[in-house]
Novice: 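Mind having a look at this structure? Questions to follow.
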Amino acid sequence: MITKEKLVINGGRKLKGEVSIHGSKNAAVALVAAAILVEGKVIIENLPKITDVCILLDTLEDLGGVVEHLGHDTVSIDCTEINKSKADKNDLNKMRASYYLVGALLGRTHSAEVIFPGGCNFGARPIDQHKKGFEALGATFAAVGGYITAKARRLIGTQIYFDKISVGATINVMLAATLADGMTVLENAAREPHIVDLANFLNMMGADIKGAGTSVIRIRGVEKLSGGKTYSVVPDMIEAGTFMIAAALTRGTITVRNIIPEHMESLTVKLNETGAVSIEEGDDYITVKGNRRPKAVLVQTLEYPGFPTDLQPQMVSLLAIAEGQGTVIEGIFDNRFQYVDQLLQMGAQIRVEGRTALITGVSKLIGSPIRAMDLRAAASLILSGLAAEGTTMVYNLEYLDRGYEGFVQKLAELGADIKRIEE
Ligand code: UD1
C-alpha cells in the first residue's frame with residue numbers, strides 16, 4: 001500500500017516520557033496464520049494494527065474464516081469453515097510472513113497454494129529450509145510460477161535438522177507439524193521470543209509442543225486444535241528497542257512500558273557499553289536516560305539471544321553520532337546496509353564493506369530529505385532525523401506502516417517535533 005504522505009521532522013528535541021509497547025509484529029503474523037489450524041473461535045488481544053497483520057486478516061476472510069474486530073487491538077478469528085487453500089489476495093505478495101499460510105494451510109487442509117512472499121529486500125532470502133521441513137513431513141513442495149505450492153496426503157512426524165537457523169522455517173514447520181501424525185523433532189531451531197509465543201498459543205488451543213525457546217523443539221501431533229480461548233500477543237522487542245535507542249540518540253529519558261525486559265538484554269548491554277545512558281529495569285518496563293555522547297562500540301547481529309538484526313539500522317544511527325569508529329557486522333542477512341546511503345546524505349561517515357559497516361562518528365547529523373528503504377531502516381532514519389540539526393523529510397512511509405503502529409504519534413507524545421503530511 002503506497003502512501004503519498006511524508007514526515008517532516010525538526011530535529012534537536014530531547015524525547016521525554018513514557019511509551020507503551022504494542023504486541024510483537026513478528027509474533028502477531030505467526031499467530032494470525034496459526035488461527036487457520038484452530039476449529040472454533042480464538043480471540044487474540046494486543047494485536048498490533050499494522051499493514052502486515054491487516055493483510056493477513058483479510059486473507060483469512062478470503063479463505064473462509066470469520067474475523068471480527070472486538071476492540072482497538074483485539075480480534076476474534078473463526079477458521080472452522082476454511083474452504084480454500086489458495087491465498088493470493090490483497091497485497092499478500094508484499095509481505096514476508098505470508099509464507100506462514102503455507103505451513104498453516106498444509107497442516108489444516110493438506111494443501112496450500114500461496115503467492116510468493118515479498119517483504120524487505122536484504123539480498124537473497126532463500127526458503128530451502130522451509131522446503132526441507134515440509135518435504136520431511138511427507139509433503140510435495142514447489143516454488144514456481146509466482147506461487148509456493150505444498151501438498152500431502154498425510155503429514156507424518158519426523159526428525160528435521162535445520163542447516164541454517166531460521167525464524168521463518170522454524171515457525172512454518174511448527175505450524176505444519178502441529179496436526180501431523182506422530183512426533184516431529186526440530187533441531188537447530190530458532191529461539192526468538194515469537195517462537196515461544198507461537199508455541200504458547202498453539203498449546204493453549206490443544207497442541208503438544210515442548211522446547212520452544214531452545215534449539216530443539218518437540219511437537220507431538222494432535223488431532224485437532226479447539227478455540228474458545230483468548231491469547232495476548234507478546235510485547236514487541238523491536239519496537240521497544242527502537243524507543244530505547246531513541247532515548248540515547250536524543251539524550252532524552254524514555255520509559256518503555258509493557259515489555260519483557262529480559263528480551264532486551266543484548267541491547268541493554270550494548271547501550272551500557274556506549275557509556276551514553278543510564279538504564280533502570282523493572283518487571284515490565286525499562287527507563288533509558290541519555291546522558292552524553294555515546295562512545296563507539298562493536299555490534300554483531302546474531303540469532304536470538306544475540307543482538308537482533310531488526311535493531312541493526314537503529315544502532316547504526318546511534319553510532320553515526322558516536323565518538324570514535326564503530327563497527328557493525330550484519331550476521332544474518334547478506335545485504336542489509338542499503339539504507340546507509342540515506343544516512344550519508346545527512347552527513348554520516350560510514351563505509352560499508354560486505355556485511356560490515358565502519359562508522360566514523362560525527363558530532364551532528366544534518367536534516368535532509370531521505371527515503372525509507374525497508375521497515376526498520378525507516379525507523380532508524382526517523383531517529384536520525386530526530387537527532388539531526390534542522391529539518392528532515394522522510395518519504396516512503398508505507399514501509400514504516402508495515403510494522404510500527406502509531407509510531408509518529410508516540411514520538412510526538414514524547415516531545416518530538418514531527419508531522420505526517422500529504423506529499
Ligand atoms: C524473521 C523476521 C525478521 C528478522 C529475521 C531475523 C518475521 C516475520 N520476520 O525473518 O523481522 O529480521 O527473522 O531475525 O518474523 N535462510 C535460508 N534458508 C531458509 C530460510 C532462511 O538460508 O530457508 C537464511 C536467510 O536468508 C537469512 C537467515 O537464514 O540469511 C535468517 O532468516 P530467517 O530467520 O528465516 O528470517 P525471516 O524468517 O525471513
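Order of appearance sets the numbers: ligands from 1, and atoms from 1 within every ligand. Only heavy atoms go into these numbers, but all of them, side chains included; no hydrogens, no water, no symmetry mates.
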Novice: What protein heavy atom sits nearest atom 29 (O) of ligand 1, and how far away is it?
Specialist: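 Result for atom 29 (O) of ligand 1: Lys164 CE, 3.2 Å.
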Novice: To which of Asp52, Ile171, Ile332 does the heavy atom nearest atom 27 (C) of ligand 1 belong?
Specialist: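 Among Asp52, Ile171, Ile332, the closest heavy atom to atom 27 (C) of ligand 1 comes from Ile332.
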Novice: For atom 11 (O) of ligand 1, find the nearest protein heavy atom and state the residue, atom name and distance (0.1 Å precision).
Specialist: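 For this ligand atom, the closest protein heavy atom is Asp310 OD2, 2.6 Å.
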Novice: Any atoms of ligand 1 less than 4.0 Å from a non-hydrogen atom of Gly168? List them with their elements.
Specialist: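 Counting atoms of ligand 1 from 1, those under 4.0 Å from Gly168 are 35 (O), 38 (O).
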Novice: Out of Asp163, Asp128, Leu302, whose heavy atom sits nearest atom 18 (N) of ligand 1?
Specialist: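 The option holding the nearest heavy atom is Asp128.
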Novice: Identify the protein heavy atom lying closest to atom 34 (O) of ligand 1, giving its residue, its atom name and the separation to 0.1 Å.
Specialist: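 Here the nearest protein heavy atom works out to Val167 N, 2.7 Å.
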Novice: May I ask you to say whether Asp163 pairs ionically with Lys132, meaning some side-chain N is under 4.0 Å from a carboxylate O?
Specialist: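 Yes, Asp163 and Lys132 are salt-bridged.
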Novice: Nearest to atom 35 (O) of ligand 1, what protein heavy atom do you find, and at what distance?
Specialist: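 Looking only at protein heavy atoms, the one closest to atom 35 (O) of ligand 1 is Ser166 OG, 2.6 Å.
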Novice: Should Asp401 and Arg420 count as an ion pair when the cut-off is N to O under 4.0 Å?
Specialist: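 Salt bridge between Asp401 and Arg420, a charged N being under 4.0 Å from a carboxylate O: yes.
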Novice: Would you indicate whether the side-chain heavy atoms of Val32 and Thr59 approach each other to under 4.5 Å?
Specialist: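 No, too far: nothing below the 4.5 Å cut-off.
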Novice: With a 6.0 Å cut-off on the ring centroids, do Phe243 and Phe407 count as close?
Specialist: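 Yes, the ring of Phe243 comes within the 6.0 Å limit of the ring of Phe407, centre to centre.
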Novice: Taking 4.0 angstrom as the limit and counting only heavy atoms of Arg125, give me the atoms of ligand 1 inside it, by number and element.
Specialist: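 Contacts of ligand 1 toward Arg125, numbered from 1: 10 (O), 26 (O), 37 (P), 39 (O).
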Novice: Using a strict 4.0 Å cut-off to heavy atoms of Tyr99, name the atoms of ligand 1 that fall inside it.
Specialist: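 Contacts of ligand 1 toward Tyr99, numbered from 1: 37 (P), 38 (O), 39 (O).
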Novice: So which protein heavy atom does atom 6 (C) of ligand 1 come closest to, and at what separation?
Specialist: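 Residue, atom and distance for the closest contact: Thr309 CG2, 3.7 Å.
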Novice: So His72 and His22, would you call those rings parallel, tilted or perpendicular, with 30° and 60° as cut-offs?
Specialist: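 Tilted.
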Novice: Heavy-atom contacts with His130 under 4.0 Å: which atoms of ligand 1 show up? List them by number with element.
Specialist: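 Taking each heavy atom of His130 in turn, ligand 1 has 23 (O) under 4.0 Å.
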Novice: Starting from the C-alpha separation in whole Å, work towards a yes-or-no answer on salt bridge (Lys or Arg N to Asp or Glu O under 4.0 Å) for Lys410 and Glu239.
Specialist: CA-CA 11 Å; Lys410 285 179 171 183; Glu239 188 197 5; 2.5 Å; yes
Novice: Regarding Gln129 and Ser166, do their side chains bring together a donor and an acceptor under 3.5 Å, going by distance alone?
Specialist: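 Not at all, the side chains of Gln129 and Ser166 share no donor-acceptor pair under 3.5 Å.
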Novice: Less than 4.0 Å between a side-chain N and a carboxylate O, is that true for Glu18 and Arg257?
Specialist: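 Salt bridge between Arg257 and Glu18, a charged N being under 4.0 Å from a carboxylate O: yes.
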Novice: Is a salt bridge present between Asp374 and Arg376, judged by a nitrogen-to-oxygen distance below 4.0 Å?
Specialist: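 No, Asp374 and Arg376 are not salt-bridged.
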Novice: Say whether Ala190 and ligand 1 are in contact under the criterion: heavy-atom distance to a ligand atom below 4.0 Å.
Specialist: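 No.
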Novice: Out of Ile238, Leu311, Asn26, whose heavy atom is nearest to atom 15 (O) of ligand 1?
Specialist: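 Comparing heavy atoms across Ile238, Leu311, Asn26, the nearest one to atom 15 (O) of ligand 1 lies in Asn26.
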Novice: Between Asp78 and Lys41, is there a side-chain N and carboxylate O pair less than 4.0 Å apart?
Specialist: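 Looking at Lys41 together with Asp78, the answer is no, because their closest N to O distance does not fall below 4.0 Å.
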Novice: Below 4.0 angstrom from a heavy atom of Gln129, which ligand 1 atoms are there? Numbered from 1 as shown, please.
Specialist: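 That gives atoms 18 (N), 19 (C), 23 (O) of ligand 1.
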Novice: Enumerate the atoms of ligand 1 whose separation from the nearest heavy atom of Ile127 is less than 4.0 angstrom.
Specialist: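 It comes down to these atoms of ligand 1: 19 (C), 23 (O).
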Novice: To the nearest 0.1 Å, how far is atom 25 (C) of ligand 1 from its closest protein heavy atom, and which atom is that?
Specialist: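 For atom 25 (C) of ligand 1, the nearest protein heavy atom is Phe333 CE2, 4.3 Å.
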Novice: So for Arg336, does at least one of its heavy atoms come nearer than 4.0 angstrom to any atom of ligand 1?
Specialist: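 Yes, Arg336 has a heavy atom closer than 4.0 Å to ligand 1.
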Novice: When you measure from atom 21 (C) of ligand 1 to each heavy atom in Gly133, Ala169, Pro126, which option holds the nearest one?
Specialist: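 Answer by nearest heavy atom: Pro126.
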Novice: Anything under 30° is parallel, anything over 60° is perpendicular, the rest tilted; go ahead and classify His263 against Tyr304.
Specialist: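 Geometry flag for Tyr304 against His263: perpendicular rings.
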Novice: If we check side-chain contact (heavy atoms from CB on, under 4.5 Å) with Phe141, which of these qualifies: Thr149, Asp128, Ile127?
Specialist: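 Only one option passes, and that is Ile127.
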Novice: Looking at ligand 1, does Phe162 have a heavy atom less than 4.0 Å from it?
Specialist: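 The answer is no, since Phe162 has no heavy atom less than 4.0 Å from ligand 1.
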